[in-house]
A.B. asks: 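Below is a structure I'd like to ask you about.
Predicted model, so just to flag it, every value in this text is computed and none were measured.
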Amino acid sequence: MLRDAALVAGKDLRLEARSRVALNQVAPFALLVLMLFAFALDPDRGILARVTPGLYWVAVLFSGLLAVQRAFAVESTDGVADALRLSGLDPAGVFLGKVAAVAVQLLALEVLLGLGVVVLYGADPSSVALLVPTCLAATLGLAAAGSVYGILAAGLRVRETLLPLLLLPVLAPVLIAATSAFESALGGFPGEGWRWLGLLVVFAALYTGLGLATFGVLLEDG
Amino acid sequence: MDVTPRPAPPEVPARRGSGGRGPLMALALVALLAAVGFLLVKQVGSASLYFYNADEAVAKRSQLGDRRFRIQGTYEGTATDVAADTIRFAIVFGGEKVVIEHTGSEPALFQPGTAVVCEGRWSPDGRVFESDRIEVKHSEEYKAENPDRVDPAAP
Amino acid sequence: MTAVLAVLATLADAADAAVAADAAVATEDRGFQWALVLACWVAVLAAVALVAVRSAQRGRRLARQIPEEQRRWM
Amino acid sequence: MNDGTSSPGTRVLGALTLIGMAVLLAFALVISPADETQEETVRMFYVHVPTALVAFGAFFLTVAASVGYLLRRSEGWDVMAGASAEVGAVLLAATLVSGMLWGRVTWGVYWTWDARLTLTALLFVLVLGYLAVRRLPLERERRSRLAAVVGLLLGPATVACHYATTWWRTLHQGPTITTADAKMDGTMLFTFFLGMVVFGLLYVWLLVHRFRVLWLEHRVEDLGLDEAIAERRREAVGVS
């Protein structure tokens, strides 16, 4: 299963490395979102500093949505999904591979957005001990939930509208928990942050479990 | 990547139909239940804080600084007007008393003895809590109203 | 802290008058409360009734397209 | 002789529901007393709480039926899951509306983002998403499969929503009716239980009808497909 996962993740990341869609389109989009927030809230520096965690995660969420859509659009076009199914790969392995590929892209995106937040909004990323595990857990949750719904919506004519409708409410807990954890990390009272991190871990575990168990059903005939 | 068809390992059961789904479904259910249970254990009593109780807010006064938060306590005594639309009253919780200066309107059930949640921040000197929104947190107890007491002026 | 206590003492003095005023407001509010209660019940029952009627209409329209023997179980 | 989705059984059920609703209205609006602190607004309790609890029950049936579908792959489970979610969505909408009005008069605000309200809003959106999946223009077997997987997720959301007031600090008050002791006046308690029974009956009544409507929808789909195949055959025969 893990070998299959590595195969799929490798394939996706190689595809990405060659096509550079994430680099050339998703990353600029994410930075653009950050800039738009700054334009909208500029007159009051205080507001921008207070809402930085929320803006950061909203930006991650929206650009993450694009990354997920992209990851599964790749499958549905050239009949790759059929090839995957026929190849006899373990569905759980395919799922893990997809999650890993999406998570790697998301992490790169988060680092980029983190730099943007530090430079543009003046955030202070000194409490790394909480920020890094929060990012990891939230990313795993986003990638796992995104992969479950991504394969579900892949190949449907209405996927552009259906995927956000299904995915955003499901990801709301991640947004809330990650934002709160960041708030307490940036605000200098990390005590509460750890509880939110716990919630993120639960979420990631829940969706990884769900994906492992149901991916076979979802993959059955595309 | 090699995606050429290869024979499925013989021990893998057919993917279609009800056969072979059982263990996976069981796994899914166990995962769901375990996660929910973990969530329950993790979060009971700790709280993602919708509000701080009055005593916690006093204890964390320096930490909270000028952050906006919500504070909860039982409204005691009566409110006095200190400005055109600002009232001052006290809330109590856990043995701590906090004076609230509230600007704006009050909900209908805002009466002495009810638990209230006020939204705002500590004043710069930390003496009073400056609120601009009051929510009444009524209890989960329901008692029939006693007509004699409520309407003493009735003929 | 003493200033706070002094303020509270003044607050307590004004209590009786305020309670009387509150009771008066509360009784006046009854009409408003009834309006909300009735609005709530009407909204809920009307919504359920609307759903039920539309569902029945759709059921009737669909049933006409299906031969009788296929829906004998109903 | 039978031109709709009703049958003798559902007619009896419907009559019981309507009579029960009339009695409930009498108890809720006339017979039961006003509350000591909340006064007349407590009369929203009898619609708010039963609709919420019955809606939660409805979503659990959706989850159970989704599991049933994934295990057995039978059309009945699929239709059951869909019908239950539809009725549950209506009841949850009723809960939200009554809760907003009730909150406006007791808390002083229509809406606040505490754990219970936030989770209820999320649950409602999740159900809307589930119903959107059920409306996808796909071949039925695939649509049912996708819907069943999405339906599973209503389970944790419903549990979290139901226990939100116990797990987290909320503006929303905690449970009134617990097995240990009900913190409620006798007539009020009876009215509440009556409300549970009546909204429960309403749910079952609507569920049966929605089940039949969805079943008929599938039959009409099949009919359309059969006709298309037959037509195609005729064409083929005509050409050759």
A.B. asks: Counting heavy atoms not belonging to Trp102(D), are there more than 12 under 6.0 Å from its CH2?
C.D. replies: yes
A.B. asks: What's the shortest heavy-atom distance between Gln33(C) and Glu39(D), and which atoms?
C.D. replies: NE2-OE1, 2.9 Å
A.B. asks: Hey, does the side chain of Trp41(C) reach the backbone of Ala28(D) with a donor-acceptor pair shorter than 3.5 angstrom?
C.D. replies: no
A.B. asks: Return the CG to CZ distance between Leu214(D) and Arg58(C), rounded to the nearest 0.5 Å.
C.D. replies: 9.0 Å
A.B. asks: Ignoring hydrogens and geometry, is there a side-chain-to-backbone donor-acceptor pair from Gln65(C) to Val220(D) under 3.5 Å?
C.D. replies: no
A.B. asks: Side chain, backbone, both or neither: which part of Leu24(D) has a non-hydrogen atom closer than 4.5 Å to chain C?
C.D. replies: side chain
A.B. asks: Any side-chain heavy atom of Val51(C) sitting closer than 4.5 Å to one from Val87(D)?
C.D. replies: no
A.B. asks: Checking heavy atoms, do the side chain of Val37(C), its backbone, both or neither come under 4.5 Å from chain D?
C.D. replies: both
A.B. asks: Does any heavy atom of chain C fall under 4.5 Å from the side chain of Glu217(D), the backbone, both, or neither of them?
C.D. replies: both
A.B. asks: If every non-hydrogen atom of Leu206(D) is compared with every non-hydrogen atom of Ala52(C), which pair is closest and at what distance?
C.D. replies: CD2-CB, 3.9 Å
A.B. asks: Which heavy atom in Ala39(C) sits nearest to a heavy atom in Leu101(D), and how many Å separate them?
C.D. replies: C-CD1, 4.3 Å
A.B. asks: Of the backbone (N, CA, C, O) and the side chain (C-beta and beyond), which part of Val90(D) lies under 4.5 Å from a heavy atom of chain C, both, or neither?
C.D. replies: side chain
A.B. asks: Let me confirm one number: the CG-NE2 distance from Leu62(C) to His218(D), rounded to the nearest 0.5 Å.
C.D. replies: 11.0 Å
A.B. asks: How many angstroms lie between CZ in Arg43(D) and SG in Cys40(C), if you round to the nearest 0.5 Å?
C.D. replies: 12.5 Å
A.B. asks: At their closest point, which heavy atom of Trp34(C) faces which heavy atom of Leu29(D), and how far apart are they?
C.D. replies: CH2-O, 3.1 Å
A.B. asks: Is the closest side-chain heavy-atom distance between Thr41(D) and Leu36(C) below 4.5 Å?
C.D. replies: no
A.B. asks: Please find the pair of heavy atoms, one from Ala43(C) and one from Val97(D), that lie closest to each other, and give the distance.
C.D. replies: CB-CG1, 4.3 Å
A.B. asks: Show the nearest heavy-atom pair for residues Thr5(D) and Gly59(C), with the distance to one decimal.
C.D. replies: CG2-CA, 3.8 Å
A.B. asks: Is the count of non-hydrogen atoms from other residues, nucleotides or ligands lying under 6.0 Å from Arg54(C) atom CZ greater than 12?
C.D. replies: no
A.B. asks: Do Met21(D) and Leu45(C) have side chains that get closer than 4.5 Å, going by heavy atoms?
C.D. replies: yes
